[in-house]
Student: 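I'd like to ask you about the structure that follows.
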Amino acid sequence: MSQTETPTPSNFIRNFIQEDMKSNKWGGRVITRFPPEPNGYLHIGHAKSISLNFGMAAEFGGKCNLRFDDTNPLKEEVEYVESIKEDVKWLGFDWENREFYASDYFHQLYGFAVRLIEQGDAYVDSLSPEEIRKYRGTLTEPGKESPYRDRPVTENLDLFERMRAGEFEDGAHVLRAKIDMASGNLNMRDPTIYRIRKTAHHRTGDKWVIYPMYDYTHCLSDSLEGITHSLCTLEFEDHRPLYDWVLRTLEVYHPRQIEFARLNLSFTVLSKRKLIQLVEGGYVSGWDDPRMPTIQGFRRRGFTPESIRTFCERIGVAKRDSVVDLALLEHCLREDLNKRAPRVMGVLNPLKVVITNYPEGESEELEAVNNPEDPAAGTRQVPFSRELYIERDDFMEDPPKKFFRLAPGREVRLRYAYFIKCEEVIKDEDGAVVEVRCAYDPATRGGDAPDGRKVKATLHWVSAGHAIEAEVRLYDRLFNHPNPGAGKTDFTEHVNPKSLTVLKGCKLEPSLASAEPESLHQFERLGYFCADRRDSRPGRPTFNRSVTLRDQWAKIAQKGKK
RNA sequence: UGGGGCGUCGUCAAGUGGUAAGACACAGGAUUUUGGUUCCUGCACUCGGAGGUUCGAAUCCUCCCGCCCCAGCCA
């Protein structure tokens, strides 16, 4: 679209694929896959992987499969597969008809296992889990071979068949690859590839009581699907020798596994375990709480798919552990919303203003621009009358030097309306300002003075008699530490107690009465707000603040405090 | 004397022997009926450190230092 797009940096994975294309390693094909386990909700870290996998495929004219890695019936549920599909779709990616499940390959996987046994490359072990752990050795000492390691092929075949038939209880036997108990790589010390689990699977039901392990399943699933580049995170680097061993030993089609660093974001956590803790510990209202770094959370907060995709492109892909600044994500949202979000006026903390020289009982309509960045968005009419609300923060009785909003004796502009000058301040018995009385200049209708005089500030406002009331939720970062849980602290101690502020009597311009759930607006001078997809109702909207506008004044005021 | 990986600006990140891209952040300035947007300007004589090879090194070699991952019948 725009010619001034930020060029996306290249990365080592793209370079690898380009080399492979040049050498025609895969016959010009690029097939990737996004392989979530359906045991939880997707978060922004998954978005990086999704964007990488679908992005690389698209860039090279290839395809990306959606494959559920569902080999552990104890943890997986259909609820999760549904939410994952919804999220990937919402992010804007299309797997067309290539929706696969590792469980669809159970039969073939079983066949391959039989082959490994026949070749003498796998054996049924009858050691207990604890014994297997002891035999495995330690990081610095080699393991010991199981006494069952040299069972004859026929016995292995018989036992494995009986495992499948359900003759044994959970844990009685496992199938292990026969590799090298002395390997420095623990994954190669005769890894378990099948275990007995008499548990119903969300897709295969009671058909199977033995389930293949990840290392064995993943490489073969990739192979079966004709994947060219199997992109995964760094912690699987140690597993690559096993990935390669299985495919090489079985002499089947052999994709290339490439590992990249997972995403870390400042001021939040992205591990499934910690996310669960936030939900179950009641720190947030659920997986889709707008403060959560889940796709569902970002969506409810008002982040757009486009902004998340742009973010994923800009952070790049590399192998080094890193923590991306949350500010970049916020920047991507502002950049996107600045172009598309219609502007409206809403007063969050109302202060009443009475225009003393404006006739009582009368009102008029003023024309307001919907989006200065997009002329096609047109204009709308906003009602104006004698009693208005302005933001409390926009008035100071005794303003500091750099404050150029409303103050006693000072003149400012009400956006799209008139210049007003503060003439009187009304206080309650405690000395709190409850009302400001101003005079308006009828000649400045629309916001310009015919005599050319200038004002230093333009304020947003809402006509008191026409305003609709709304609940507005102000969200701030969930943690008050850039690296929650740093050092010895428990990460929950870094939860920001002020991450949510609920404002009840907010006054919004009437056009917002019909705001659609999930619609995005810029409340001028405040930020971008999203009508909550769960709680917002016509005539009674509820808005979530997605992100504030950049705010020079806030910085100046902050400096003044220090 | 286990194995695997990684160290380039405050934060990400290009760079693959020819003399340090870009983005965010930050700091100035211009424009502005959003202290928004936009637009200029500044921001690594230096690439974890020390040696070496070379006319020339972030890129090659050697040694050292630091950080991350691995001992699930989880993925």
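Quick note on labels: first sequence line is chain A, next is B, and so on, each numbered from 1. Because only heavy atoms are used, hydrogens play no part in the values below, and waters and symmetry mates are left out as well, while side chains stay in. Just so it is clear, the structure is predicted and the values come from calculations on it, not from any experiment.
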Student: For the side chain of A:Arg136, counting heavy atoms from C-beta on, which of B:A71, B:C12, B:G36 is nearest?
Tutor: B:A71
Student: B:U53 pairs with which nucleotide, Watson-Crick or G-U wobble, both distances below 3.5 Å?
Tutor: none
Student: Ring-plane angle category for A:Phe236 and A:Tyr214, please: parallel below 30°, perpendicular beyond 60°, tilted otherwise.
Tutor: tilted
Student: Looking at A:Lys456, I'd like to know if its NZ atom is crowded, meaning that more than 12 non-hydrogen atoms belonging to other residues, nucleotides or ligands lie closer than 6.0 Å.
Tutor: no
Student: Look at the side-chain N and O atoms of A:Lys559 and state whether any lies under 4.0 Å from the OP1 or OP2 oxygen of B:A27.
Tutor: yes
Student: Heavy atoms only, 4.0 Å cut-off, all strands: where does A:Asn187 land among base, sugar-phosphate and nothing?
Tutor: nothing
Student: Strictly by Watson-Crick or wobble contacts shorter than 3.5 Å, is anything paired with B:C47, and which nucleotide is it?
Tutor: none
Student: Tell me: CG of A:Asn338 to P of B:C24, nearest whole Å?
Tutor: 14 Å
Student: Rounding to an integer number of angstrom, what distance separates B:U41 and B:U31 when you compare their C1' atoms?
Tutor: 15 Å
Student: Using purine N1 to pyrimidine N3 plus N6-O4 or O6-N4 for Watson-Crick, or N1-O2 and O6-N3 for G-U wobble, both under 3.5 Å, which nucleotide pairs with B:U37?
Tutor: none
Student: Can you tell me the pairing partner of B:U59 across any strand shown, Watson-Crick or G-U wobble, with both distances under 3.5 angstrom?
Tutor: none
Student: Can you tell which of B:C74, B:C6, B:A27 lies closest to the side chain of A:Lys319?
Tutor: B:C6
Student: To the nearest angstrom, how far is A:Glu335 atom CD from B:C39 atom C1'?
Tutor: 16 Å
Student: Within the 4.0 Å heavy-atom criterion, would you say A:Thr71 contacts the bases, only the backbone, or no part of the nucleic acid?
Tutor: sugar-phosphate
Student: Parallel, tilted or perpendicular, judged at 30° and 60°: which one describes the rings of A:Phe384 and A:Tyr440?
Tutor: tilted
Student: Would you mind reading off the distance between A:Tyr211 atom OH and B:A75 atom P, rounded to a whole angstrom?
Tutor: 12 Å
Student: Grab the two heavy atoms, one from A:Ile390 and one from A:Val347, that are nearest each other, plus how far apart they are.
Tutor: O-CG1, 3.3 Å
Student: Does A:Gln552 reach a base, just sugar-phosphate, or nothing at all? Heavy atoms under 4.0 Å.
Tutor: sugar-phosphate
Student: Quick one: does A:Asn65's side chain have a donor or acceptor within less than 3.5 Å of a partner on A:Arg67's backbone?
Tutor: no
Student: Select base, sugar-phosphate, or nothing to describe what A:Glu373 touches, counting heavy atoms under 4.0 Å on all strands.
Tutor: base
Student: Between A:Asn371 and A:Arg343 (side chain of the first, backbone of the second, donor and acceptor by atom type, cut-off under 3.5 Å), is there such a pair?
Tutor: no
Student: At under 4.0 Å between heavy atoms, what does A:Val455 touch on the DNA or RNA strands: base, sugar-phosphate, or nothing?
Tutor: nothing
Student: To the nearest angstrom, how far is A:Leu139 atom CG from B:A71 atom C1'?
Tutor: 5 Å
Student: Should A:Tyr214 be counted as stacked on B:A75, where stacking needs a ring-centre gap under 5.5 Å and an angle between planes under 30 degrees?
Tutor: no
Student: Just call it for A:Arg320: base, sugar-phosphate, or nothing, with non-hydrogen atoms closer than 4.0 Å on any strand.
Tutor: base
Student: Rounded off to whole Å, could you give me the CD1-to-C1' distance for the A:Ile196 and B:C74 pair?
Tutor: 18 Å
Student: Answer yes or no: does a side-chain N or O of A:Arg14 lie under 4.0 Å from OP1 or OP2 of B:A13?
Tutor: no
Student: Taking OP1 and OP2 of B:C24, is either one under 4.0 Å from a side-chain nitrogen or oxygen of A:Arg314?
Tutor: no
Student: Could you walk me through whether A:Asp125 and A:Ile132 pass side-chain contact (heavy atoms from CB on, under 4.5 Å), step by step?
Tutor: CA-CA 9 Å; A:Asp125 196 358; A:Ile132 288 184; 4.1 Å; yes
Student: If you look at every strand shown and take non-hydrogen atoms under 4.0 Å, does A:Val369 touch a base, only sugar-phosphate, or nothing?
Tutor: nothing
Student: Just the rounded figure in Å: distance from C1' of B:G4 to CD1 of A:Ile258.
Tutor: 17 Å
Student: Between C1' on B:U37 and CZ on A:Arg334, what's the gap in Å once rounded to a whole number?
Tutor: 12 Å
Student: Please say whether the positively charged group of A:Arg413, taken as NZ for Lys or CZ for Arg, lies over the ring of A:Phe419, i.e. under 6.0 angstrom from the six-membered ring centre and within 45 degrees of the axis.
Tutor: no
Student: Classify A:Arg550 by what it touches in the nucleic acid, base, sugar-phosphate, or nothing, heavy-atom distance under 4.0 Å.
Tutor: sugar-phosphate
Student: With the side chain of A:Ala327 defined as its heavy atoms from C-beta on, choose the nearest nucleotide among B:G28, B:A75, B:C24.
Tutor: B:C24
Student: For RNA chain B, what residues of residues 233-242 of chain A have any heavy atom nearer than 4.0 Å?
Tutor: A:Glu235, A:Phe236, A:Glu237, A:Asp238, A:His239
Student: Check the distance between B:G72's P and A:Asn185's CG and give it to me in whole angstrom.
Tutor: 14 Å
Student: Base, sugar-phosphate, or nothing: which does A:Arg343 touch, judged by heavy atoms less than 4.0 Å apart?
Tutor: base
Student: Counting only Watson-Crick or G-U wobble pairs whose two distances fall under 3.5 Å, which nucleotide matches B:C6?
Tutor: B:G66
Student: Under 4.0 angstrom, heavy atoms only, what part of the nucleic acid is A:Phe403 near: base, sugar-phosphate, or nothing?
Tutor: base
Student: Between B:C6, B:G35, B:A14, which one does the side chain of A:Asn11 approach most closely?
Tutor: B:A14
Student: Counting only side-chain nitrogens and oxygens, does A:His460 get under 4.0 Å of the OP1 or OP2 atom of B:U34?
Tutor: no
Student: Backbone N or O of A:Thr458 within a donor-acceptor pair of the A:Arg525 side chain at under 3.5 Å?
Tutor: yes
Student: Check every strand shown and say whether A:Asp170 touches a base, only sugar-phosphate, or nothing at a heavy-atom separation below 4.0 Å.
Tutor: nothing
Student: Hey, is the main chain of A:Asn349 close enough, under 3.5 Å, to the side chain of A:Glu391 for a donor-acceptor pair?
Tutor: yes
Student: Hunt down the Watson-Crick or G-U wobble partner of B:G72, both distances under 3.5 Å, from any strand shown, or write none.
Tutor: none
Student: Where do A:Pro255 and A:Leu247 come nearest, in terms of heavy atoms and distance?
Tutor: CD-CD1, 3.6 Å
Student: Ignoring the backbone of A:Leu549, work out which of B:C73, B:U34, B:A27 is nearest its side chain.
Tutor: B:U34
Student: When syn is taken as a glycosidic angle within 90 degrees of 0, is B:G72 syn or anti?
Tutor: syn
Student: At under 4.0 Å between heavy atoms, what does A:Glu141 touch on the DNA or RNA strands: base, sugar-phosphate, or nothing?
Tutor: nothing
Student: Which part of the nucleic acid, if any, lies within contact of A:Ser322, taking any heavy atom under 4.0 Å across all strands shown: a base, the sugar-phosphate backbone alone, or nothing?
Tutor: sugar-phosphate
Student: Just compare B:G36, B:C70, B:C24 and give me whichever is closest to any side-chain atom of A:Leu186.
Tutor: B:C70
Student: With both distances under 3.5 Å as the test, what is the Watson-Crick or G-U wobble partner of B:G42?
Tutor: B:C26
Student: Please classify the nucleic acid contact of A:Leu127 as base, sugar-phosphate, or nothing, using heavy-atom distances under 4.0 Å.
Tutor: base
